[in-house]
Amino acid sequence: MAEKLQAPRGTFDVLPDNAALRTQLIDQIAGPLFAQAGYGRIDTPIFEDTALFARGVGESTDIVSKEMYTFTDQGDRSQTLRPEGTAPVCRAYVEHGMHKLPQPVKLWYEGPFFRQEAPQAGRYRQFFQIGAEALGSDDPALDAESIVLAARLLDGAGVTGARLRIGSLGSGPERAAYSAALKTYLRAHESELSHDVAARIDLNPLRAFDAKHEGTQAVMANAPRLLESISAEDREHFDEVLALLDAANVEYEVDTTLVRGLDYYTRTLFEFTSDKLGAQSGVGGGGRYDGLVEMLGGPATPGIGWAAGIERILAAAEAEAPQAQHPAAYIALDEGADRAAAFALLLKLREVHGLAAQIELAGRSMKGQLKAASRVGAKSLVIFGGGRGQYDAAVKNLTTGEQIELDGLTAGDYYDRIAERVLAGIKV
RNA sequence: GUGGGCGUAGCUCAGCAGGUAGAGCUCCGCGUUGUGGUCGCGGCGGUCGCCGGUUCGAAUCCGGUCGCUCACCCCA
């Protein structure tokens, strides 16, 4: 038996109802929000040099170490399907010399991303994200503006009850000192930690805070906190971000244990969660990445950004699919009708009169055509007669049931007369 | 990769003390030999995931395998 073909594991088809929901989110909600805040849209390639992610995202991250879709192209170059959006945007910023533009440069994007993980609720191998990046300033107001945008997007999308957790990772020597202290602490409790956490004490000790493993959580409850050891300058920056969020009426919880799985984050870090999503509770998140652009070969450039999962936003929002457009006219064909004339009318209604019009395409009975017209919500029905002497065509208002019969198919203005009736709902 | 749950019509599911398959919804037709949304009747549609075993006989029992799903890990 031929094997059944289906969408690859962890991927999905977006069918029309769902597509309408997505289009609405991106075009009606996100687009205007970003435009208002001075963010310009950017689209980067779906795949990039593997080195971009290896360097930018970090070798120690799960994303780079085991989740990338990497392939070798015909030129023997290692390419990778993008697993996240920040590194590519920074690459584009450098490549196009955007540091010469007025700073900060604000960019947003939307599209598919790829990570080879075991799929589960809210986690896919191809998933879609909306993201925003602002480069070239470390003003805390930029952090606040970015976070407010994310919050407003979730609001606009109908996500209720989302929690915003926020923290600061600090920077520089304080962060390095903290990292060393945490490693020492973790090693002292190594036997109580989960296997995974113990194995990456040196690679990425911070992620121990994120473990669900009971023993690990018990250890971490008493672990030293990064937020308490950041520099005075970073603390001041963080406090100002919080003050601005207060001013914006954005609710948040300061979380001293907040960590994220990408290496490039510094200072401000945040995450939106919803309890409507199962184990994958994160709707979106982001933070500051003041060293990333330089790491990618550009000038020292601070930056902040976030990304939110479109599937997760929609799952948390449970929004209704917008209604499809109702056609103004549905053209039905009686047996023996002049099909060419009916087709010509169809195009005339669309192209000359700008109407949404459909024509019978499935060979249904007259009764079936009436049902079909009703089902698609057509306002009017145009019936082409079968040349049995009754009429050439009839226009029926499907709401009122009124019907008028029009003869004179060969007259030059015949289609226009029909269109007139359709537009007027029969009466002229 | 590891563990739990599940795989029967397009969709949602029933059937499982083993006797060769059903419902609802959808779709199409008829009821009005030219006219709809309700209702009634009828029809289309399934190698019961796949392979093997037990049995006179398996969708129903056993083994394997594939797939889906949830969870761990991690993250959008």
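Since we're looking at a predicted model, the values are computed, not measured. Below, chains carry the letters A, B, ... as their sequence lines are ordered, and counting in each starts from 1. Just the heavy atoms: all of them, side chains too, but no hydrogens, waters or symmetry mates, feed the values below.
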B:A76 base stacked by A:Phe113 (centroids within less than 5.5 Å, tilt under 30°): no
5'-most by nearest nucleotide on RNA chain B - A:Glu271 or A:Pro8: A:Pro8
Find which nucleotide of RNA chain B each of A:Asp62 and A:Gly278 is nearest to by heavy atoms, and output the residue with the more 5' nucleotide. A:Gly278
Distance, [atom1] atom - from [M] to [N], rounded to whole angstrom:
{"N": "B:U35", "M": "B:G24", "atom1": "C1'", "result": "29 Å"}
{"N": "B:C62", "M": "B:U55", "atom1": "C1'", "result": "12 Å"}
{"N": "B:G57", "M": "B:G18", "atom1": "P", "result": "15 Å"}
{"N": "B:G46", "M": "B:A9", "atom1": "P", "result": "10 Å"}
{"N": "B:G64", "M": "B:C70", "atom1": "P", "result": "25 Å"}
{"N": "B:U26", "M": "B:G10", "atom1": "C1'", "result": "8 Å"}
{"N": "B:C66", "M": "B:A76", "atom1": "P", "result": "31 Å"}
{"N": "B:A58", "M": "B:C51", "atom1": "P", "result": "14 Å"}

Has A:Ser380 got a side-chain atom pairing as donor or acceptor with A:Gly425's backbone, closer than 3.5 angstrom? no
Is it true that a side-chain atom of A:Arg312 and a backbone atom of A:Gly122 form a donor plus acceptor pair closer than 3.5 Å? yes
Using the salt bridge (Lys or Arg N to Asp or Glu O under 4.0 Å) rule, take A:Arg187 and A:Asp202 through it: C-alpha gap first, then chi angles, then the decisive distance, then the call. CA-CA 10 Å; A:Arg187 266 199 214 89; A:Asp202 282 315; 2.6 Å; yes
When we call it a touch if two heavy atoms are under 4.0 Å apart, what does [X] touch: a base, just sugar-phosphate, or nothing?
{"X": "A:Ala118", "value": "base"}
{"X": "A:Ile310", "value": "nothing"}
{"X": "A:Arg115", "value": "base"}

Residues at least two apart in sequence or cross-chain that pass ring pair (Phe, Tyr, Trp, His ring centres under 6.0 Å) with A:Tyr124, listed by chain then number, are A:Phe12
Name all residues meeting the ring pair (Phe, Tyr, Trp, His ring centres under 6.0 Å) criterion together with A:Phe238; count only those two or more places apart in sequence or in a different chain, and write none if there are none. none
Does the base of B:G31 carry an N or O that pairs as donor and acceptor with the side chain of A:Lys367 under 3.5 Å? yes
Can you find an N or O donor on one side and an acceptor on the other, under 3.5 Å apart, linking the side chain of A:Gln120 with the base of B:C68? no
Using purine N1 to pyrimidine N3 plus N6-O4 or O6-N4 for Watson-Crick, or N1-O2 and O6-N3 for G-U wobble, each under 3.5 Å, what pairs with [N]?
{"N": "B:C61", "result": "B:G53"}
{"N": "B:C48", "result": "none"}
{"N": "B:A23", "result": "B:U12"}
{"N": "B:G1", "result": "B:C72"}
{"N": "B:U32", "result": "none"}

Selection: residues 368-376 of chain A, any non-hydrogen atom under 4.0 Å of RNA chain B: A:Gly368, A:Leu370, A:Lys371, A:Ser374, A:Arg375
Hey, what's the ring geometry for A:Tyr185 with A:His189, parallel, tilted or perpendicular (30° and 60° as the breaks)? tilted
Rounded interatomic separation in angstrom, taking [atom1] from [X] and [atom2] from [N]:
{"X": "A:Lys276", "N": "B:A76", "atom1": "NZ", "atom2": "C1'", "value": "18 Å"}
{"X": "A:Arg9", "N": "B:G49", "atom1": "CZ", "atom2": "P", "value": "20 Å"}
{"X": "A:Gln280", "N": "B:U69", "atom1": "CD", "atom2": "P", "value": "14 Å"}
{"X": "A:Phe128", "N": "B:A76", "atom1": "CZ", "atom2": "P", "value": "16 Å"}
{"X": "A:Met366", "N": "B:G36", "atom1": "CE", "atom2": "C1'", "value": "11 Å"}
{"X": "A:Asp17", "N": "B:C11", "atom1": "CG", "atom2": "P", "value": "16 Å"}
{"X": "A:Asp196", "N": "B:U2", "atom1": "CG", "atom2": "C1'", "value": "11 Å"}
{"X": "A:Leu15", "N": "B:C11", "atom1": "CG", "atom2": "P", "value": "12 Å"}

Answer yes or no for A:Arg339 and A:Phe384: cation-pi contact, defined as NZ/CZ to six-membered ring centre under 6.0 Å and angle to ring axis within 45°. no
Nucleotide of [options] approaching [X] most closely (side-chain heavy atoms):
{"X": "A:Lys396", "options": "B:U35, B:G29, B:A76", "result": "B:U35"}
{"X": "A:Lys66", "options": "B:C73, B:G29, B:A76", "result": "B:C73"}
{"X": "A:Gln403", "options": "B:U35, B:C72, B:A71", "result": "B:U35"}

For a quick test of reading the model: is some side-chain N or O of A:Ser194 closer than 4.0 Å to OP1 or OP2 of B:C72? no
Check the phosphate of B:C28 against A:Arg364, side-chain N and O only, distance under 4.0 Å to OP1 or OP2. Yes or no? yes
Are A:Trp108 and A:Tyr39, when compared by the centres of their aromatic rings, separated by less than 6.0 Å? no
Regarding A:Glu420 and A:Tyr415, is there a side-chain donor-to-acceptor distance under 3.5 Å anywhere? no
Side chains of A:Thr80 and A:Thr70, donor plus acceptor under 3.5 Å: yes
